[in-house]
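Have a look at the structure below before the remarks.
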Amino acid sequence: MHDYEVIIIGGGQSGLALGALLQQRKARFVIFEKNGRLGDSWRKRYDSLVLFTARQNNGLPGLPFPGEPQTVPTKDEAADYLEQYAAHFQLPVRLNTAVQRVERTASGFLVQTEAGTARAKNVVVATGPFQIPYIPPIVERLAPDVVSLHTTDYQNEHSFRDGPVLVVGAGNSGAQLAVELARHRPVIFSSGQTRLHLPLYVLGKTIFDYMQRFGLLDAPRSSWAGKQLMKRPDPIFGYRKEMKALTKTGALRLVERTVRIADRTAYFADGEQASFPNILWATGFRPDYSWLAIPDVRDPNGWPRHERGVTEVSGLYFLGLPWQHSRASALMGGVGKDALFLADRLVR
């Protein structure tokens, strides 16, 4: 006899959304969360982090996100909402329960955690895409006295010593933090990709409202629109005007991709160079499913092999992956549709 019909690994927005839907379907399940408090994955990020999507677009199934609908919530508000969501539905969450190994058995799965083992007919991995912070190998020649932080370790400008900061990374976090730091000190922003800049608000509504209206958020990855969107890196939302203003004053210097670092000097793809006492790596994350002792469920880059979260291993599913089904899959308010798809499949 299995302890559960479903074990959900991860108590973030994906795992909780699926939990609420399974609760409605009277399934026997549990959610294992490694942190001591729901929402800690949000709380531990840098102080100024906010969501790009408005509150009205961030609700999980069955409970709207509180507050003024067209405003964007802070990371702590997002974290508190997840706690409220679990309490509202009285979800069976086990905190401080990091999963160490999952292996297949003759009739399901054995899940080993720090608190013991459990058996389930089905396992849903809902640990999200932000797993192992990635710092490129060029860091190896960095001078030991340089303050070097990934965005996961950065809190605010006081995380650095006085002097300029080299920000490496082309995405939204890199752009936001480059602007934040440049308000108070010189910043060199090294971007390896040319990205489209979009305003966060247009005529009082967030850009995601318009993307939703034109079907861009829910376009499946298999559709023509989905394939076109997937070819391009994510746009940078907001900060364009501030970046231009700070560039004019000289507080923000935009440079090409960083190709080499030697001591306290960075060398860029166009031949320029710059010296710095601080460096911020906004270089993203890499997947880590080393604890998943099941062969042939990961591609050569470590990402799960799946079709809309369904793997070729019977009973093993993933939830909360970027482009799991559409662009909305990566958003708090979009994961509900993916969760509904899996919930219906799990109880059939």
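Note: hydrogens, waters and symmetry copies are ignored here, and every other heavy atom, side chains too, is used.
- Note: Phe237 and Phe52 have tilted aromatic rings, judged against thresholds of 30 and 60 degrees for the angle between ring planes.
- Of the charged side-chain nitrogens involved, none lies within less than 4.0 Å of a carboxylate oxygen, so that Glu68 and Arg55 do not count as a salt-bridged pair.
- Using a 4.0 Å cut-off between charged nitrogen and carboxylate oxygen, Arg43 and Asp40 count as a salt-bridge pair.
- For His88 and Tyr81, the ring centers are positioned 6.0 Å apart or more.
- Ile31 and Phe318 fall into different hydrophobic clusters, where Ile, Leu, Val, Met, Phe, Trp and Tyr side chains are chained together by heavy-atom contacts under 4.5 Å.
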**Request:** Determine, stepwise, if the pair Phe214 / Tyr210 fulfils ring-ring contact (aromatic ring centres under 6.0 Å, His included).
**Result:** CA-CA 6 Å; Phe214 290 110; Tyr210 296 95; 7.2 Å; no
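- Atom OG1 in Thr71 sits 6.0 Å away from atom OH in Tyr201 (nearest 0.5 Å).
- Defined by atom type and a distance below 3.5 Å, a donor-acceptor pair is present between the side-chain atoms of Thr265 and Ser275.
- Electrostatic pairing of Arg253 and Glu272 counts as a salt bridge here, judged by a charged N lying under 4.0 Å from a carboxylate O.
- Cluster annotation: Val259 and Val255 are assigned to distinct hydrophobic clusters (Ile/Leu/Val/Met/Phe/Trp/Tyr, side-chain heavy-atom contacts under 4.5 Å, transitive).
- At a threshold of 4.0 Å, the pair Glu114-Arg94 does not count as salt-bridged, since none of the basic side-chain nitrogens sits closer than that to a carboxylate oxygen.
- Residues Gln23 and Pro92 form a side-chain contact, since some pair of their non-hydrogen atoms from C-beta on lies under 4.5 Å apart.
- Within a 6.0 Å radius of CG in Leu203, no more than 12 heavy atoms belonging to other residues, nucleotides or ligands are found.
- Nearest heavy atom pair, residue Ser223 against residue Gly226, reads OG-N, 3.0 Å.
- At a threshold of 4.5 Å between non-hydrogen side-chain atoms, the residues Phe130 and Ser41 do not count as touching.
- Put simply, CD1 on Ile188 and OG on Ser191 are 14.5 Å apart, with the number rounded to the nearest 0.5 Å.
- Between Ile279 and Val168, some side-chain heavy-atom pair lies under the 4.5 Å cut-off.
- Taking 4.5 Å as the limit, some side-chain heavy atom of Arg104 sits within range of a side-chain heavy atom of Ser314.
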**Request:** Please step through ring-ring contact (aromatic ring centres under 6.0 Å, His included) for the pair Phe160 and His184, ending with a clear verdict.
**Result:** CA-CA 12 Å; Phe160 292 116; His184 306 285; over 10 Å; no
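- Salt bridge Arg257/Asp270: absent, no basic N to carboxylate O contact under 4.0 Å.
- For the atom pair Arg286 CZ and Gln131 CD, the distance stands at 12.0 Å (nearest 0.5 Å).
- In the displayed structure, Asp296 atom CG is contacted under 6.0 Å by at most 12 heavy atoms of other residues, nucleotides or ligands.
- Counting heavy atoms from C-beta outward, Trp42 and Asp76 have side chains that stay 4.5 Å or more apart.
- To the nearest 0.5 angstrom, Leu252 atom CG is 13.5 Å from Tyr239 atom OH.
- Taking 4.5 Å as the limit, some side-chain heavy atom of Asp234 sits within range of a side-chain heavy atom of Arg327.
- Stacking of Arg345 on the aromatic ring of Tyr317 is not recorded, the 6.0 Å distance cut-off and the 45° axial limit not both being met.
- Between Asp218 and Lys337 there is a salt bridge, with a side-chain nitrogen of the basic residue lying less than 4.0 Å from a carboxylate oxygen of the acidic one.
- Using modelled atom types, one side-chain atom of His150 and one backbone atom of Gly284 make a donor-acceptor pair closer than 3.5 Å.
- For the pair Arg260 and Tyr267, the cation-pi test (distance below 6.0 Å, angle within 45°) is passed.
- When all heavy atoms of Phe65 and Glu77 are compared, the pair lying nearest together is CZ-O, 3.7 Å.
- To the nearest 0.5 Å, atoms CD (Gln155) and NZ (Lys44) are separated by 11.0 Å.
- Salt-bridge annotation for Glu242 and Arg183: present, with a side-chain N of the basic residue lying under 4.0 Å from a carboxylate O of the acidic one.
- Taking the side chain as every heavy atom from C-beta outward, Val124 and Ile7 never approach each other to under 4.5 Å.
- Taking CZ from Arg28 and CD from Glu5, the interatomic distance works out to 5.0 Å, rounded to the nearest 0.5 Å.
- Taking all atoms of both residues into account, the shortest heavy-atom contact from Ala175 to Phe189 is N-CZ, 3.7 Å.
- Side-chain atoms of Gln100 never come within 3.5 Å of backbone atoms of Gln112 as a donor-acceptor pair (strictly under, hydrogens ignored).
- Residues Glu312 and Arg305 fail the side-chain proximity criterion, which asks for heavy atoms closer than 4.5 Å.
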